[in-house]
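Here is the structure we will look at, set down as structure tokens.
For clarity, every value in this text was computed on a predicted model and none was experimentally measured.
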Protein chains: 2
Amino acid sequence: MIEIHLFEQLAAFADCGTLSAAAEQLHISQPALSRSMQRLEEELGVSLFERQKSRLTLNETGELAVRYARNLLLQEESMIQQLRDFDRKRRTICVGSCAPVLIPDFATLLSRLYEGMTISTELTGDPRLPEYLREGRYQIAILHEKPEGEDFYSVPMESEHLYVTLPPVHPLADADGLYLKDLDGQTFLLYSQIGFWDELCRRKMPSARFLLQQDIDVLGELVANSAFPAFTTDYIIQHTGEVTDRIAIPILDPEASVTYHCTCLQAEKARFRQVFEHIRAAHSR
Amino acid sequence: MIEIHLFEQLAAFADCGTLSAAAEQLHISQPALSRSMQRLEEELGVSLFERQKSRLTLNETGELAVRYARNLLLQEESMIQQLRDFDRKRRTICVGSCAPVLIPDFATLLSRLYEGMTISTELTGDPRLPEYLREGRYQIAILHEKPEGEDFYSVPMESEHLYVTLPPVHPLADADGLYLKDLDGQTFLLYSQIGFWDELCRRKMPSARFLLQQDIDVLGELVANSAFPAFTTDYIIQHTGEVTDRIAIPILDPEASVTYHCTCLQAEKARFRQVFEHIRAAHSR
DNA sequence: TCGGATTACGTGCACCGTAATGATC
DNA sequence: GATCATTACGGTGCACGTAATCCGA
């Protein structure tokens with residue numbers, strides 16, 4: 001076996017053209033590099049250079065050796081990178097959630113249960129979330145329905161129901177309930193980070209306009225000081241209180257009422273046993 | 001960069017199961033190996049083992065690392081091997097010849113012209129010799145005809161003519177010349193190392209039997225003391241003298257008269273310039 | 001009690017850098 | 001004289017081995 005730093009030095013020499021330049025680049029002395037190259041030749045049992053007293057050049061074998069060396073160095077580099085990536089993956093639990101509201105508590109739960117692990121959460125409205133679970137991009141997914149497929153394991157968690165909030169003067173403000181299609185064509189204030197609700201709204205109200213807001217505080221301000229209808233959920237109302245001067249009317253579409261499901265691959269069911277137990281316990285309360 | 005011997009030691013540990021066994025296999029002490037593995041983990045920035053006080057086992061990352069390590073080691077090994085092969089190839093001139101008689105002088109010529117090079121000669125009756133030249137298996141070929149193809153360069157060298165030697169009592173012994181087909185069906189003494197002549201004899205005399213002899217002296221003995229027809233050439237007669245008690249009759253088939261051609265790839269013409277000059281000089285004498 | 005892993009500690013040598021030499025432009 | 005490679009030489013860090021310790025079967 002020949003140590004890889006010799007190949008690294010060979011590649012450096014090929015890059016620089018002279019020993020002195022390469023030595024400088026490698027932060028070693030010129031004699032050290034000279035000896036290294038001699039040692040490399042010796043260990044290979046092959047001559048790599050033409051020596052013209054005051055000039056060192058690669059011979060044909062040397063050129064080939066450089067190509068091989070570069071290849072080997074790349075190999076090792078990528079191998080190390082992959083190992084580090086694998087290790088990082090192994091110590092992080094990636095959660096993909098279609099629901100924004102559940103994320104903080106869920107992340108807290110995971111950090112407590114899996115000390116030392118990094119918890120990474122992502123909010124996404126992407127309906128391919130179960131697919132991503134299979135691909136290993138996420139280990140846990142919070143879905144708005146029980147996923148299809150024998151390879152998934154899931155338990156129900158919180159339910160959430162969609163409401164539209166209207167100013168009292170709004171023509172529909174005295175309704176007991178509304179279908180989304182009744183609201184189509186209007187202009188809404190909408191928070192951009194609402195996961196799967198976004199997709200539902202756009203599907204059911206193709207003619208509606210949405211004034212997307214990145215900042216939750218700005219959104220609150222606008223809701224309080226404009227007549228645009230906006231959306232909220234029972235979960236939000238319960239946790240942050242009702243918005244004054246607004247009437248919250250339940251949405252009657254069946255899709256507007258969801259039960260979130262905490263999901264993982266069957267193969268990882270055991271690994272996340274504690275999580276599911278916690279959810280079940282909390283849910284039965 | 002991580003030195004490759006660390007990966008080697010990791011692989012050894014995976015093979016042996018314990019540090020002590022691996023240390024023994026590697027001819028180093030157990031503490032040295034223990035520290036090496038710690039260093040490997042440190043340099044990778046990744047933990048590879050489960051440490052149970054008195055038992056060291058690979059964790060999931062470790063298993064992966066072992067697979068990668070084995071791969072890298074194989075890579076390096078094969079790279080070194082290929083370099084050595086390439087170097088050897090570079091310092092040897094491989095000659096493929098269809099003619100046995102020319103080989104010794106030709107080999108001598110090459111050694112003199114290319115000092116320090118290894119000269120490897122092979123006798124073969126294989127008609128694909130030009131193909132092999134293209135593939136780089138040989139650098140020079142001695143063929144019994146000028147090869148077809150723009151990519152070849154060749155100069156004519158010695159000519160050789162085939163004779164059959166018969167005992168005086170043989171019914172055909174008084175012929176001035178014979179075609180091979182006239183001799184078909186008989187039993188011949190034949191030297192096994194005669195290159196392309198072999199193929200010619202078998203093709204032209206499909207019903208003949210050949211008593212193949214590996215040993216040239218044994219063959220001489222048998223020729224001198226039996227009535228079996230045998231083959232010789234003007235070149236052989238000229239260099240080793242006539243066989244007593246035998247009549248040499250020329251073979252009249254046009255293929256029985258050949259001019260050998262020293263051939264190389266056009267691309268290597270310059271490299272072997274001296275050889276061709278020598279041949280031309282000798283030939284014009 | 002033995003086998004295995006880690007820690008502690010002293011040592012040697014492999015490799016480095018500086019200096020000197022040789023060679024070429 | 002400047003640049004570049006090699007050889008000579010002295011110093012040192014680092015990885016090694018021995019010994020000791022700890023732990024578990």
Between N or O atoms, less than 3.5 Å apart, protein on one side and nucleotides 17-22 of chain C on the other: list the pairs.
| unit_1 | atom_1 | unit_2 | atom_2 | d |
| --- | --- | --- | --- | --- |
| C:dG17 | OP2 | A:S29 | N | 2.9 |
| C:dG17 | OP2 | A:S29 | OG | 2.8 |
| C:dG17 | N7 | A:R35 | NH2 | 3.2 |
| C:dG17 | O6 | A:R35 | NH1 | 3.1 |
| C:dG17 | O6 | A:R35 | NH2 | 3.2 |

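- Taking the nucleotide of DNA chain C with the nearest heavy atom to each of A:Q52 and A:Q9, the more 5' of the two is matched to A:Q9.
- Put simply, NE2 on A:H5 is 7 Å from P on C:dC15, counting in whole angstrom units.
- For A:R67, there are no salt bridge (charged side-chain N to carboxylate O under 4.0 Å, His left out) partners at least two apart in sequence or on another chain.
- Scored by the salt bridge (charged side-chain N to carboxylate O under 4.0 Å, His left out) test, B:R88 finds B:D85 as partners (sequence neighbours excluded).
- Residues meeting the salt bridge (charged side-chain N to carboxylate O under 4.0 Å, His left out) test with B:E268, sequence neighbours left out: B:R271.
- Separating the CG atom of A:L58 from the P atom of D:dA5 is a distance of 12 Å, rounded to the nearest angstrom.
- Considering only residues two or more places apart in sequence or on other chains, A:H239 meets the ring-ring contact (aromatic ring centres under 6.0 Å, His included) condition with A:Y235.
- One can place CZ of B:F49 at 14 Å from C1' of C:dG4, the figure rounded to the nearest angstrom.
- Between the side chains of A:E50 and A:T57, no donor N or O sits under 3.5 Å from an acceptor N or O.
- Checking the phosphate oxygens (OP1, OP2) of D:dC4, a side-chain nitrogen or oxygen of A:S20 falls inside 4.0 Å.
- Distances shown here put every side-chain N or O of B:S36 at or beyond 4.0 Å from the OP1 or OP2 atom of D:dA15.
- Atom pair B:E3:CD and D:dC14:P shows a separation of 14 Å (rounding to whole Å applied).
- In this structure, the CG atom of B:L19 is 12 Å from the C1' atom of C:dG3, given to the nearest Å.
- Evaluation of the ring-ring contact (aromatic ring centres under 6.0 Å, His included) rule for B:H5 yields no partner, not counting sequence neighbours.
- Rounded to whole Å, the distance from CD on B:E43 to P on D:dC14 is 12 Å.
- The side chain of B:L56 lies closest to C:dT6 when the candidates are D:dT6, D:dA5, C:dT6.
- Across the protein-nucleic acid pair, B:E24 atom CD and C:dA5 atom P stand 12 Å apart, rounded to whole Å.
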